[in-house]
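Reminder, nothing fancy here: chain letters follow the sequence lines and each chain counts from 1.
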Protein chains: 2
Amino acid sequence: MPVHQHIRVTADAVVLRFSSKEGMMVLLSKRSIPPHIFKWGLPGGFIRNDEPVEDAVHREIRDETGLRANYLEQFRTFGAPDRDPRGRVLCVAHIGLIKPTATKLIPGAGNKEARWYPVRELPQMAFDHATVIAAALDHLRIRMRNEPLAFELLEAKFPVSELEKLYEWLYGRPVDRRNFQKKIHNLGLLTTQQEKLKHPLQGRPAQLYSFNQERFNELKEKEEYIEIFS
Amino acid sequence: MPVHQHIRVTADAVVLRFSSKEGMMVLLSKRSIPPHIFKWGLPGGFIRNDEPVEDAVHREIRDETGLRANYLEQFRTFGAPDRDPRGRVLCVAHIGLIKPTATKLIPGAGNKEARWYPVRELPQMAFDHATVIAAALDHLRIRMRNEPLAFELLEAKFPVSELEKLYEWLYGRPVDRRNFQKKIHNLGLLTTQQEKLKHPLQGRPAQLYSFNQERFNELKEKEEYIEIFS
DNA sequence: TCAAAAGTGTTAGAAATACACCCATGA
DNA sequence: TCATGGGTGTATTTCTAACACTTTTGA
């Protein structure tokens, strides 16, 4: 039992927000202390001794931005010995997903500035956080084929086109609207809502849908393998 | 910067070995010290202050069993505050894959007993290691659909039936031999070897194949998505 | 009436599935 | 010659992919 081990551990989150107008945005906070002072980093920080890791992530996101991710999943731990100049610091990295309406940031006690940045136009990043963001997107790209994570990034009621644009953004290729609708409807994952989209900037108003979680659970029970997107 | 953080970190591995006769086996080592003395646990231990995480895993596996996994991948970090009675200990869990010939164990300095156990007949496990093993298999089940990890569990030259039985074991369902061969050959992942399997216990000798890594890399470059098994 | 986005169906090709008999070998 | 496991082809169905015009609305 090593009394001599001295490794610290942070819990950090790549919190993502999507809208078809702005694309995928990531939540960053500006560092106000060294190391990497004034660079931008992921919300996160040291885990408390008796605190569950997920709780630490939620706490840090709240403290730095006032937000709460409605989906949170650990995806990898970054542990290169030289990734932090202060000494050995492991980073348990998470993906957080949040609805597009979560735009208003309330920087907390730390007085740190927080901002949404387009994932494809990142500022100078602290530590290895650019790598962490890239890894988070790779992870999401794999998970979103089979898991209904897309719906965590959309409003409760959304037009199919928004879902489609999210997949187009993530996979970097155009998606055939007709085939996409066919597939998603055949799976039965969408429940038609009464309303239509009230204020399209222009064009025909879109039918709104919500994600049918029960239907997905049903599918998952009987089919071992569900492909939402190919 | 929390001088008061006191969290220790271990690197542990679920090292797996497969043969059609025995099924999937996991490498365990018997604890010789408290806590959980005399229960079985995953090979692993505390990371050194300046040691890369993967190096720590390899070192622990070697020290406890004399083996070296030919594939190693981190899959999750377990961090429940109460998972270790000694205090807060995070476990960065890995999957290790090893060839079926790696049967001989050389317990090292720690004098710990090490053994291969069938994954489906585990002894009483230390800590949350039963959960860790279950999570490793879930992870493997997802990864093996799209990544050529199966070949890390087979000899360099193997009959198709061995590959097929590996998939059957992992997904818990029978696989149609003809359709399986068709699919795997259409992908072009197998290179036919000169030899046939020399000593089948009975029956017609099987053609041997090796995994064609270059072909897989080629595929991965042009196709964004490769499905090895559905 | 125009611009903009939404909605929708058919066809051809590819892939997945289901299914059964013969072959090569050792005992 | 028998028992055992290896090797193989075809027909059916399902899924995927390609493709363009009409509808609804606000300006």
Side-chain angles (χ1 to χ4, degrees), chain A residues 19-22 145-146 154-155 157-169 171 173-210 219 222-230, chain B residues 19-22 145-146 154-155 157-169 171 173-210 219 222-230:
Chain A
S19 73
S20 53
K21 266 173 288 184
E22 303 173 282
R145 290 183 186 280
N146 308 112
L154 302 177
E155 301 298 346
K157 298 173 184 181
F158 53 85
V160 182
S161 63
E162 203 67 12
L163 183 61
E164 185 199 314
K165 282 168 192 156
L166 169 50
Y167 277 104
E168 285 187 328
W169 190 97
Y171 294 94
R173 55 180 161 93
V175 169
D176 184 285
R177 286 162 53 222
R178 282 172 287 189
N179 294 337
F180 184 79
Q181 292 224 12
K182 229 181 299 167
K183 174 142 190 179
I184 208 89
H185 281 130
N186 284 347
L187 284 168
L189 296 183
L190 299 188
T191 306
T192 309
Q193 297 299 117
Q194 296 289 335
E195 311 109 274
K196 304 209 170 183
L197 188 60
K198 297 281 199 259
H199 302 296
L201 295 173
Q202 42 211 347
R204 175 175 172 175
Q207 181 59 245
L208 293 178
Y209 297 89
S210 64
L219 278 176
K222 51 173 177 263
E223 324 274 347
E224 145 188 36
Y225 182 68
I226 301 164
E227 184 188 83
I228 298 175
F229 185 79
S230 57
Chain B
S19 73
S20 54
K21 266 174 287 184
E22 304 172 281
R145 291 183 184 280
N146 307 114
L154 302 177
E155 301 298 346
K157 297 172 183 181
F158 54 86
V160 182
S161 63
E162 203 68 12
L163 182 61
E164 184 199 315
K165 282 168 191 155
L166 169 50
Y167 278 103
E168 284 186 329
W169 189 97
Y171 295 94
R173 56 179 160 91
V175 170
D176 184 284
R177 286 162 54 222
R178 283 172 287 191
N179 295 337
F180 184 80
Q181 292 226 14
K182 227 180 303 167
K183 174 142 189 179
I184 208 90
H185 282 130
N186 283 347
L187 284 168
L189 296 183
L190 299 188
T191 307
T192 309
Q193 297 301 116
Q194 295 288 334
E195 309 108 275
K196 304 207 168 184
L197 188 58
K198 298 279 199 257
H199 302 295
L201 295 174
Q202 42 210 348
R204 173 176 175 176
Q207 181 58 245
L208 293 178
Y209 297 89
S210 63
L219 278 176
K222 52 173 178 265
E223 323 274 347
E224 146 186 35
Y225 181 67
I226 300 163
E227 185 189 81
I228 297 175
F229 185 79
S230 58

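At whole-Å resolution of the value, CZ in B:Arg145 and P in C:dA16 are 12 Å apart. Atom CG in A:Asp176 sits about 13 Å away from atom C1' in C:dT10, given to the nearest Å. We find that CD of A:Glu195 is positioned 17 Å from C1' of C:dA6, with the value rounded to whole Å. For A:Asn179 and C:dT11, the CG to C1' distance is 12 Å, given to the nearest whole Å. Across the protein-nucleic acid pair, B:Ile228 atom CD1 and C:dA15 atom P stand 16 Å apart, rounded to whole Å. At whole-Å resolution of the value, CD in A:Gln181 and P in C:dA6 are 9 Å apart. Rounding to whole angstrom units, CG of residue A:Leu163 and P of C:dA6 are separated by 13 Å. When the P atom of C:dA4 is taken as reference, atom CZ of A:Arg177 falls 15 Å away, rounded to whole Å.
Comparing B:Lys196 and B:Ser230 against DNA chain C, the residue whose closest nucleotide sits nearer the 5' end is B:Ser230. Each of A:Leu208 and B:Arg178 has a nearest nucleotide on DNA chain C; the 5'-most of these lies closest to A:Leu208.
Ring-centre distance between A:Phe229 and A:Tyr171: below the 6.0 Å cut-off.
Bounding nucleotides for the chain A contact on DNA chain D, 5' to 3', at a heavy-atom distance below 4.0 Å, are D:dT16 to D:dT25.
In this structure, A:Val160 and A:Leu190 approach most closely via the heavy-atom pair CG2-CD1, 4.2 Å. The heavy-atom pair separating B:Thr192 from B:Gln207 by the smallest distance is CG2-OE1, 3.5 Å. Smallest separation of non-hydrogen atoms from B:Ser230 and B:Lys183: OG-NZ, 4.0 Å. Considering every non-hydrogen atom in both B:Asn179 and B:Asp176, the closest pair reads N-OD1, 2.9 Å.
Within 4.0 Å (heavy atoms only), A:Glu227 reaches sugar-phosphate atoms of the nucleic acid but no base atom.
If you check distances only, the side chain of B:Lys182 does reach the base of C:dT17 with a donor-acceptor pair under 3.5 Å. No hydrogens or angles were tested; on distance alone, nothing pairs the side chain of A:Arg204 with the base of C:dA3 as donor and acceptor under 3.5 Å.
With respect to A:Leu208, the side-chain contact (heavy atoms from CB on, under 4.5 Å) criterion is satisfied by exactly one of A:Gln193, A:Lys196, A:Gln194: A:Gln193.
Phosphate contact (OP1/OP2 of C:dA5, side-chain N/O of A:Gln202, threshold under 4.0 Å): present.
At a threshold of 4.0 Å, the pair A:Arg145-B:Glu224 counts as salt-bridged, since one of the basic side-chain nitrogens sits closer than that to a carboxylate oxygen.
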